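Predicted, not measured: the structure shown is a model, and the values here were computed from it.
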Amino acid sequence: MVKIIADSTCDLSQELIEKYDISIIPLHIVLGEKEYKDGSEISPDDIYQWSDDNKTTPKTSASSIDDTMDVLKNVLDAGNEAVMFSISEKMSTTGNIFRMAAEELEAEEKVSVIDSANLSTGIGLLVIEAAIMAKEGKTKEEITAAMEQLKPLVRASFVVDTLVYLHRGGRCSSVAAMAGGILKLHPKIVVEDGAMEATKKYRGKMDSVIMNYVKDMEEDLKKARTKRVFITHSGCGQEIVDQVSAYLKSLEHFDEIIVTRAGGVISSHCGPGTLGVLYIGQ
């Protein structure tokens with residue numbers, strides 16, 4: 001049997017994790033001198049409060065070798081092989097930690113590590129497809145090959161409410177942050193080749209920005225694979241989330257529209273009010 005393992009940046013809800021029998025290995029959030037495991041020891045709202053109080057952005061770090069070995073050993077001891085998904089290796093060393101853990105356990109032949117070249121539910125889309133294949137009895141090699149083919153088709157993007165967190169983390173200049181605040185600019189961030197790139201900039205109130213962002217994708221959304229689409233946000237109001245969901249439903253294209261809340265790592269870098277629509281293209 002093949003077990004699917006992912007790091008916590010896949011941003012899948014506990015319900016989805018249980019439904020698809022996925023094991024999660026946490027990355028870490030560093031607030032000053034204290035370190036917390038993403039997803040279990042601190043919430044995004046706690047992170048925002050700390051960041052605002054300290055006028056700085058939290059740091060994040062890769063999964064620990066100990067946490068990784070604990071999860072992987074349990075999987076291997078149960079007689080399973082493993083396919084492991086990491087956040088883009090251009091953003092984190094987590095994938096390398098996974099490989100080191102497999103080597104330490106002398107289990108390289110039983111473990112496949114996939115660099116998702118993505119983040120958030122861009123990873124989650126791949127993880128769920130892999131989990132479905134595992135339940136169907138596919139081999140580690142079959143799942144790995146299928147995921148490598150699927151990776152370039154994942155479409156992950158989001159719009160940011162505030163540039164403060166990107167600025168604090170050194171991800172945009174002070175001039176850009178100031179202009180963003182004055183002009184109410186909200187950049188669209190797209191994941192391409194494993195890295196984040198700012199593309200279009202929207203202006204105005206965030207609710208309108210979010211709907212414009214989603215509607216701008218309509219033609220691409222209609223060409224997407226129909227199985228599922230994610231709405232993933234870092235703390236948006238329920239009303240706008242419902243509006244996005246209703247719009248996607250009106251396209252009569254997707255079998256499943258899934259809403260998830262971004263975890264601590266993604267929230268640390270993007271701040272509150274960020275929303276993305278993520279799917280797999282043809």
Side-chain angles (χ1 to χ4, degrees), residues 9-11 27 44 47-48 51-52 55-60 86-92 94 115-125 151-221 224 229-236 240-241 244 247 260-281:
T9 61
C10 67
D11 286 346
L27 270 73
I47 293 168
Y48 299 150
S51 185
D52 289 343
K55 300 295 186 290
T56 188
T57 298
K59 292 179 171 58
T60 59
S86 73
I87 185 174
S88 171
E89 293 192 34
K90 291 184 179 179
M91 303 178 190
S92 172
T94 292
D115 171 10
S116 72
N118 225 299
L119 52 70
S120 191
T121 45
I123 310 169
L125 286 160
K151 274 168 49 175
L153 301 179
V154 175
R155 303 289 178 259
S157 67
F158 48 96
V159 283
V160 178
D161 182 17
T162 173
L163 291 171
V164 170
Y165 282 70
L166 291 171
H167 170 50
R168 286 176 182 166
R171 289 170 177 82
C172 73
S173 70
S174 57
V175 174
M178 186 181 298
I182 295 171
L183 301 174
K184 298 189 183 300
L185 293 178
H186 307 279
K188 175 182 177 180
I189 310 295
V190 177
V191 181
E192 293 181 345
D193 298 322
M196 291 189 291
E197 300 289 342
T199 57
K200 183 171 183 176
K201 290 181 180 177
Y202 294 90
R203 180 180 284 113
K205 293 183 178 179
M206 195 57 185
D207 285 7
S208 297
V209 164
I210 287 173
M211 291 310 302
N212 288 335
Y213 150 75
V214 179
K215 289 177 181 178
D216 282 349
M217 292 191 288
E218 181 168 326
E219 291 306 311
D220 290 330
L221 288 165
V229 60
F230 275 100
I231 302 168
T232 300
H233 67 93
S234 64
C236 294
I240 188 60
V241 174
V244 174
Y247 175 76
T260 69
R261 175 79 186 258
V265 170
I266 305 301
S267 298
S268 291
H269 293 302
C270 295
T274 297
L275 184 143
V277 173
L278 305 94
Y279 59 94
I280 298 176

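- Remark: Lys200 pairs with Asp216 by the side chain to side chain donor-acceptor pair (under 3.5 Å) rule, at least two apart or across chains.
- Note that SG of Cys270 is 11.5 Å distant from CG of Asp161, once rounded to the nearest 0.5 Å.
- Nearest approach of Gly235 to Arg261, heavy atoms of both residues: N-NE, 3.3 Å.
- Under the side-chain contact (heavy atoms from CB on, under 4.5 Å) criterion, Ser267 pairs with Pro44, Tyr48, Ser234, Ala262, sequence neighbours left out.
- Using modelled atom types, one side-chain atom of His186 and one backbone atom of Val160 make a donor-acceptor pair closer than 3.5 Å.
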task = Just do the side-chain contact (heavy atoms from CB on, under 4.5 Å) check on Val244 and Met211 with the steps written out, would you?
result = CA-CA 7 Å; Val244 174; Met211 291 310 302; 3.8 Å; yes
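- A donor-acceptor pair shorter than 3.5 Å cannot be found between the side chains of Thr121 and Asp11.
- Here the CD atom belonging to Glu89 is positioned 9.0 Å from the OG1 atom belonging to Thr94, to the nearest 0.5 angstrom.
- The OH atom of Tyr202 lies 11.0 Å from the CD1 atom of Ile210; values are rounded to the nearest 0.5 Å.
- Residues satisfying the salt bridge (Lys or Arg N to Asp or Glu O under 4.0 Å) test with Glu192, not counting sequence neighbours, are none.
- If you take CD1 on Ile87 and OG1 on Thr60, they are separated by 7.5 Å, rounding to the nearest 0.5 Å.
- Within the 4.5 Å cutoff, no side-chain heavy atoms of Arg155 are placed close to those of Asp220.
- For the side chain to side chain contact (heavy atoms under 4.5 Å, CB included) criterion with Leu275, the lone passing option out of Ile231, Asp207, Thr232 is Ile231.
- Contact check for Tyr247 versus Val277: no side-chain heavy atoms found under the 4.5 Å cut-off.
- One distance of note links CG of Leu119 with CD1 of Ile266; it measures 4.5 Å at 0.5 Å rounding.
- The distance from atom CZ of Phe230 to atom OG of Ser120, rounded to the nearest 0.5 Å, is 8.5 Å.
- For the residue pair Ser268 and Thr57, the shortest heavy atom distance occurs at O-CG2, 3.3 Å.
- By the side-chain contact (heavy atoms from CB on, under 4.5 Å) test, Ser88 is found to be paired with Lys90, Met91, Asp115, residues two or more places apart in sequence or in another chain being considered.
- Between the side chain of Tyr213 and the backbone N or O of Ser157, at least one donor-acceptor pair lies under 3.5 Å.
- In this structure Ser116 satisfies the side-chain contact (heavy atoms from CB on, under 4.5 Å) test together with Asn118, Ile123, Leu126, sequence neighbours excluded.
- Take Lys59 and apply the side-chain contact (heavy atoms from CB on, under 4.5 Å) test, not counting sequence neighbours, and it matches Val30.
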